[in-house]
Colleague: 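Got a structure here, written out as structure tokens. Questions coming.
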Amino acid sequence: MKVKSRFLIFILLITTHFSYGQGIMADDGATRSDIRIARQSRLGNIPGRKFTSLNGKWNAIIDPYDFGIGSWAAIWKDQKPKGKTDFYEYSFEGGVVFDVPGDFNSQLPELTFFEGTVWYKKTFDYKKNSDKRAYIHFDGVNYAADIFLNSEKIGSHEGGFTPFQFELTDKVKEGNNSIIIRVNNQRIKDGIPALGFDWFNYGGITRDVSLVETPESYIEDYFIQLAKGSEKQIEGWVKLNGSKPGQNVRIQIPEAKIDLKAKTNAEGYVKVNIPAKLTLWSPEYPKLYNVLISSETDKIEEEIGFRNIAVKGTDIFLNGKSIFLKGVSFHEEIPQDKRRAYSESDAKTLLTWAKELGCNFIRLAHYPQNDHIVRMAEKMGLMMWEEIPVYQGIAFGDAKMQSKMDAMLSEMVNRDKNRCGIIIWSMSNETSPGKARNTSIINMAKFTKSIDPTRLIASAFNKIDYNGNTITISDTLSRHLDVISVNQYLGWYNKWPSKPEEVVWKSEFNKPLIMSEFGAEALYGNHGASDIASSWTEEYQEQLYKDQLTMLKNIPFLRGSCPWILVDFRSPRRLHPTLQDGQNGMWNRKGLLSDKGYKKKAWFVMHNYYKNIK
Ligand code: GCU
């Protein structure tokens, strides 16, 4: 397809998919529980813009009955007694204070398992200026959020792991302003994820909050990557907002001697198509270039890497060279503190563990993880798999559910489309084969490819066919994916059909396989039999890893492995009082590292495997 027509199709898709309906306003001005994605602005690359951090101490009110959203309490009005007969049965001042970013469950012992509403409040001073526009940007709030500025509703968002933002320009006051947010982390049957998932439901303003300013006419967003299949052609676009057509835009990559000048079209877009002589990004040499984009009124910079990822037959190629993805999965959690990871230092902890294991690839399970992890992983030379939390029991075929999945997919791709470290977008995890599921995921895969043709599409599944010692991959969804990703627990949830060395894997699809999950539980320091699963010994886990690797080495179309999981993590599905510390920790013990970061015996098996893979 000619670049021009693909570019036009892309424009059409990206504009339609990013124009969400307004949040549903209840009669009293608040938003009822069926929150939808409100109209959002689309500023990309917040760290590269003029922003004021709103991180820090926020006042909070814990509202277990969600009473504050009704017209009686109307907490968002933040009223104070004036006359002698006035009184209110809530106040932000003098109450709980939470650190933002950070989940609220880990900040108060009484909230460890809390699933409900917490109201947050932060005040800030603002200097109005007619040629400035103002936005509030959230990197992530789990799960549902209603945002109020000076007690006026400005929008809602649903989804705990993708960024959202609202323009404040016409509403923010000169001087002191107050932001109030109602956050609700209750699991809902039509949520994404839905009611059941195997990770801890940390709620709250779990990621950074920023007040962003732009000129009246500004650089809204851009996509600058190598064209699919090329190592010498940069392709993409720049989008201005608030400008007349024919505005001058300049894209410079000084180190590559690139200096493109162009004018915007009627929709404010400049198409980018630049021949380039570049040092390509790779795990060994994670080269990033300083990219400067300027318009007549705005400018923005970002470190961007250029690489090519492709599949040919059953092999995966990075920059034209066959590569094996030496991976590991992990959740966005710091186990020692039993809390969500949110900061640069948290990212450093998790990514250093992955590098130490010998990885060149990480699976960010089971949701888009925070911006610090993604940007730092890219700088550390780690390729990434990023996925939306379409996880196990999802009601496919429901239009409202589909619009939520599409919104999360758009928000994930929109945030990270310039992160060359991300090589795979994954559409779902362990959803059951079926017409509605296939239709939904095929459409999401097509949509993702239309807005980002440069990356591979996956969707991890676990339904495989056992027949004697032969395992066949037959999930027809595979026809519409670039790589096949199988989660299997032979030796743990499933018995070995034969000796590991005798297991034969067959695939009906001529595509590379990533073993996207395998593993077993072990309690660190618990030693004993290597053949009794219920022992939770390190020796059992170690032997299982040895058996798994014996099998993996015999799969000719295997091009990646992602053991489940880097480090023990918390999940309310894990209730054994001693082996999983049920009432306190609720630990899923499949970590290669313990919840304190100590190496179990299986860690050394995996480390040795990766060290010896060429
Ligand atoms: C599943 C699932 C994981 C889960 C794991 C387990 O495959 O994808 O989210 O944690 O198995 O049971 O430990």
Side-chain angles (χ1 to χ4, degrees), residues 142 160-161 187 191-202 327-333 335 338 340-341 350 362-369 385-394 424 426-433 437 441 458-464 466 471 473 475 477 481 483-495 513-524 533-534 536 540-541 544-545 548 552 560-576 579-582 585-595 600 602-603 606:
N142 189 43
F161 306 100
R187 288 164 294 118
I192 312 269
L195 287 169
F197 45 87
D198 194 28
W199 64 85
F200 201 86
N201 181 27
Y202 293 106
V328 73
S329 300
F330 58 80
H331 274 291
E332 190 184 38
E333 182 183 61
K338 295 182 183 175
R340 266 276 169 259
L350 294 167
I362 49 180
R363 178 183 175 189
L364 301 178
H366 278 296
Y367 36 76
Q369 299 194 8
W385 156 311
E386 198 165 44
E387 62 189 84
I388 51 175
V390 176
Y391 179 92
Q392 295 181 356
I394 292 281
I424 293 175
S426 183
M427 307 291 109
S428 83
N429 183 68
E430 299 191 351
T431 52
S432 304
R437 170 263 209 168
I441 294 177
S459 196
F461 53 77
N462 59 343
K463 301 279 185 297
I464 44 184
Y466 292 87
I471 294 175
I473 300 168
D475 192 324
L477 182 62
L481 306 171
V483 293
I484 301 170
S485 316
V486 169
N487 298 350
Q488 53 81 13
Y489 283 89
L490 287 166
W492 189 250
Y493 297 125
N494 304 87
K495 290 187 178 27
L513 170 65
I514 297 174
M515 204 59 87
S516 37
E517 286 187 32
F518 57 93
E521 301 215 18
L523 176 61
Y524 174 76
S534 59
W536 251 254
Y540 186 89
Q541 187 191 42
L544 182 134
Y545 268 82
Q548 280 279 347
L552 295 188
S561 66
C562 256
W564 188 263
I565 190 169
L566 177 64
V567 58
D568 289 355
F569 66 97
R570 299 175 71 210
S571 163
R573 283 180 173 176
R574 309 298 167 167
L575 307 171
H576 195 288
L579 298 170
Q580 297 171 322
D581 194 9
M586 297 187 170
W587 293 103
N588 180 317
R589 298 285 190 199
K590 295 192 182 69
L592 292 167
L593 298 171
S594 74
D595 55 296
K600 301 176 191 175
W603 183 95
M606 214 53 224

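FYI, side chains are in, hydrogens and waters are out, and symmetry mates aren't considered; it's all heavy atoms of this structure. As the structure lists them, so they are numbered: ligands from 1, and atoms in each ligand from 1.
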Colleague: Purely on distance, is any nitrogen or oxygen of Gln392 under 3.5 Å from one on ligand 1?
Modeller: no
Colleague: Is any side-chain heavy atom of Met427 closer than 4.5 Å to a side-chain heavy atom of Val390?
Modeller: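 The answer is no, as the side chains (C-beta and beyond) never meet within the 4.5 Å cut-off.
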Colleague: In chain order, what residues pass the salt bridge (charged side-chain N to carboxylate O under 4.0 Å, His left out) check against Asp581, with sequence neighbours excluded?
Modeller: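 Asp581: no salt bridge (charged side-chain N to carboxylate O under 4.0 Å, His left out) contacts found.
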Colleague: Out of Trp492, Phe197, Tyr493, who is nearest to atom 12 (O) of ligand 1 when you count heavy atoms only?
Modeller: Tyr493
Colleague: Where is the nearest protein heavy atom to atom 2 (C) of ligand 1: which residue, which atom, and how far?
Modeller: Glu517 OE1, 3.4 Å
Colleague: On the 0 to 90° scale, with breaks at 30° and 60°, tag the Trp199-His331 ring pair as parallel, tilted or perpendicular.
Modeller: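 Tilted, since the angle between the ring planes falls between 30° and 60°.
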Colleague: Counting heavy atoms only, which part of Arg573 comes closer than 4.0 Å to ligand 1: side chain, backbone, both or neither?
Modeller: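 Under 4.0 Å from ligand 1, Arg573 contributes no heavy atoms.
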Colleague: On the 0 to 90° scale, with breaks at 30° and 60°, tag the Phe200-Tyr202 ring pair as parallel, tilted or perpendicular.
Modeller: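 Tilted: the ring planes of Phe200 and Tyr202 meet at 30° to 60°.
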Colleague: Looking at Asp198 and Arg574, is there a salt bridge between them, counting it only when a charged N and a carboxylate O are closer than 4.0 Å?
Modeller: yes
Colleague: Looking at atom 9 (O) of ligand 1, what's its closest protein heavy atom, distance included?
Modeller: His366 NE2, 2.6 Å
Colleague: Any idea how Phe569 and Trp564 line up, ring-wise: parallel (<30°), tilted (30 to 60°), or perpendicular (>60°)?
Modeller: perpendicular
Colleague: Any atom of ligand 1 sitting under 4.0 Å from a heavy atom of Arg574?
Modeller: yes
Colleague: Which residue holds the protein heavy atom closest to atom 13 (O) of ligand 1, what is that atom called, and what is the gap in Å?
Modeller: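 I find the closest protein heavy atom is Lys590 NZ, 2.7 Å.
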Colleague: Which heavy atom of the protein is the closest neighbour of atom 7 (O) of ligand 1, given with residue, atom name and distance?
Modeller: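 Residue, atom and distance for the closest contact: Glu430 OE2, 2.3 Å.
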Colleague: Could you see which bit of Ile565 sits under 4.0 Å from ligand 1, with heavy atoms only: side chain, backbone, both or neither?
Modeller: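 Under 4.0 Å from ligand 1, Ile565 contributes no heavy atoms.
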Colleague: Quick one: look at Tyr489 and ligand 1, take heavy-atom pairs under 4.0 Å, and tell me if it's side chain, backbone, both or neither.
Modeller: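 The answer is the side chain.
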Colleague: Taking only non-hydrogen atoms of Tyr391, do any sit less than 4.0 angstrom from ligand 1?
Modeller: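 Contact present.
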Colleague: Any chance the side chains of Asn487 and Ser516 put a donor and an acceptor closer than 3.5 Å?
Modeller: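 On atom types as modelled, these side chains qualify, holding a pair under 3.5 Å.
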Colleague: Under 4.5 Å between any side-chain heavy atoms of Asn429 and Phe197, yes or no?
Modeller: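 The answer is no, as the side chains (C-beta and beyond) never meet within the 4.5 Å cut-off.
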Colleague: Using atom types as modelled and distance alone, determine if a side-chain donor or acceptor of Lys600 lies under 3.5 Å from a backbone N or O of Gly591.
Modeller: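 Flag set: sc Lys600 to bb Gly591 pair under 3.5 Å.
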Colleague: Suppose we measure from atom 10 (O) of ligand 1 to each protein heavy atom; which comes out shortest, and what is that distance?
Modeller: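 The closest one turns out to be Asp198 OD2, 2.6 Å.
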Colleague: Under 4.0 Å, heavy atoms only, figure out whether ligand 1 is touched by the backbone of Asn429, its side chain, both or neither.
Modeller: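 The answer is the side chain of Asn429.
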Colleague: Report the part of Phe569 in contact with ligand 1, treating N, CA, C, O as backbone and CB onward as side chain, heavy atoms under 4.0 Å; options are side chain, backbone, both, neither.
Modeller: side chain
